[in-house]
2 protein chains.
Amino acid sequence: MDRVDSSLIALRRIIRATELYARDLKQIAGITAVQFRVLQIVGEKGHTTAKEISTRMHVSQATVTSLVDKLVREGMVTREKSQTDRRQTDILMTEKGQATLDEAPDPLQQRFVRKFAAMEDWEQSMLLAGLERVALMLDADDLDAAPVLDTGELKNGAHH
Amino acid sequence: MDRVDSSLIALRRIIRATELYARDLKQIAGITAVQFRVLQIVGEKGHTTAKEISTRMHVSQATVTSLVDKLVREGMVTREKSQTDRRQTDILMTEKGQATLDEAPDPLQQRFVRKFAAMEDWEQSMLLAGLERVALMLDADDLDAAPVLDTGELKNGAHH
DNA sequence: GTTGTTTCCTTTGATGTGCAAAGTATCGTC
DNA sequence: GACGATACTTTGCACATCAAAGGAAACAAC
């Protein structure tokens, strides 16, 4: 097997890892990866707007509405009209939502961050260069850069 | 921004590239990425069974049935009872299916393969090592290794 | 060759994700 | 105050996916 094949296998494994994590999450925490990501965004400040979720997750507002509907139905968050701008809806974290967030299995990016941190300085540089190279090769350059993996974003002291 | 963040951004860009490719494909070729992948598997030998598709794509047979249903409805493939084992259904490529396969936009992996091939020998080695390292970091090691990207598998002389 | 088990596939019914288009309410601005 | 932009919801749809149940054929064992 040549290196092209091996590289593609490795890439596929990486993508697959995010899918597997999504299934585990659903099984263990009883919440889907997408819903969990919404919960993470809400959790950052304890509240947020539909617009922000839509922007950050790159999905339509209609999708956000249905996502939040589900979370409301399950008691994870509540809706409340914003006082400052009454067009906006504030989405507030509930205790149950916070608990779900706290008890969720180790997110992918934390796993990554831990292992990355354990690497030698030169190794980190090499790895970063390689990943950026691949990203460029795939022409995935229209993304507004946010430090995220498939599920969840890198905030809340997940590193350092 | 530190290297952990940059690495995660690069990873996210890579994953995002596969999603974007899926949307382009649907727009341009009028077929979804998942259905296209089925078509690719059928196209390898001109025919295949539902079981093989199910195994290769890691989805249930029920899913395969509905996927093939759609392709049949669109005239991309036909079903035919296998003569050797009448439990099996042979899924055969039609001319239209073949045409769709041939005319599909440059798949991600071909883009990758071309650029990878253009790299220096030592660069290829470094990149491969990096990718495998990341795959390991994400613990995506339960995958039966097949040289695939998100959509489609690496066959049909897509490389070399 | 009948019986039991396994395999392959489909059907049915459900969930989750996602969007477009149309509608409602509110904000800002001229 | 009228008009256009913004934020969100509603409606109606498509796709991907599975679990469970069932039919049909193959296989194995007696």
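Just so it is clear: chains get the letters A, B, ... in the order the sequence lines come, proteins before strands, and each one is counted from 1. If you're wondering where the values come from, they're calculated on a predicted model, not measured in any experiment.
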Length of the [atom1]-[atom2] vector between [X] and [N], whole Å:
X: A/F36; N: C/dT17; atom1: CZ; atom2: C1'; result: 18 Å
X: B/K81; N: C/dT10; atom1: NZ; atom2: P; result: 8 Å
X: A/E74; N: C/dT15; atom1: CD; atom2: P; result: 12 Å
X: A/R87; N: C/dG28; atom1: CZ; atom2: C1'; result: 8 Å
X: B/L39; N: D/dA16; atom1: CG; atom2: P; result: 13 Å
X: B/H58; N: D/dA16; atom1: NE2; atom2: P; result: 17 Å
X: A/E52; N: D/dC8; atom1: CD; atom2: C1'; result: 15 Å
X: A/Q61; N: D/dT6; atom1: CD; atom2: P; result: 11 Å

Hey, is the side chain of [X] poking within less than 4.0 Å of OP1 or OP2 on [N], counting only N and O atoms?
X: A/T49; N: D/dA7; result: no
X: B/T63; N: D/dC18; result: yes
X: A/K70; N: C/dT17; result: yes
X: B/S66; N: D/dC15; result: no
X: B/T65; N: C/dT10; result: yes

Practice task
Give, for atom CZ of B/R73 and atom CG of B/L71, the distance between the pair rounded to the nearest 0.5 Å.
Solution key: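 Reported value, rounded in 0.5 Å steps: 9.5 Å.
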
Exercise for the section: Calculate, to the nearest 0.5 Å, the distance between atoms CG and CZ belonging to A/D90 and A/R79 respectively. Expected result: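 These two atoms lie 11.5 Å from each other.
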
Between [options], which nucleotide gets closest to the side-chain atoms of [X]?
X: A/V59; options: C/dG18, C/dC8, D/dC15; value: C/dG18
X: A/L67; options: C/dT26, C/dT17, D/dA25; value: C/dT17
X: A/V34; options: C/dT10, C/dT17, C/dC8; value: C/dT17
X: B/T89; options: D/dA7, C/dC19, C/dC9; value: C/dC9

Across the strands shown, which category fits [X] at heavy-atom distances under 4.0 angstrom: base, sugar-phosphate, nothing?
X: B/S60; value: base
X: B/D85; value: sugar-phosphate
X: A/Q88; value: sugar-phosphate

Exercise for the section: Select from A/T84 and B/D69 the residue whose nearest nucleotide in DNA chain C is closer to the 5' end of that strand. Expected result: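 Comparing both residues, the 5'-ward one is B/D69.
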
Practice task
Using the closest heavy atom to pick a nucleotide of DNA chain C for each, name whichever of A/A62 or A/R86 lands nearer the 5' end.
Solution key: A/A62

Practice task
Measure across A/S54 and A/S60 and return the closest heavy-atom pair with its distance rounded to 0.1 Å.
Solution key: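 For A/S54 and A/S60, the tightest heavy-atom pair comes out as OG-C, 3.9 Å.
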
Exercise for the section: Can you see which heavy atom on B/E52 is nearest to which on B/K45, and at what distance? Expected result: OE1-NZ, 3.9 Å

Practice task
Could you check if a side-chain atom of A/L101 sits within less than 4.5 angstrom of a side-chain atom of A/M93, using non-hydrogen atoms only?
Solution key: yes

Fill in the blank from the handout: Between A/D85 and the options A/R87, A/Q83, A/K81, the side chain to side chain donor-acceptor pair (under 3.5 Å) test singles out A/R87

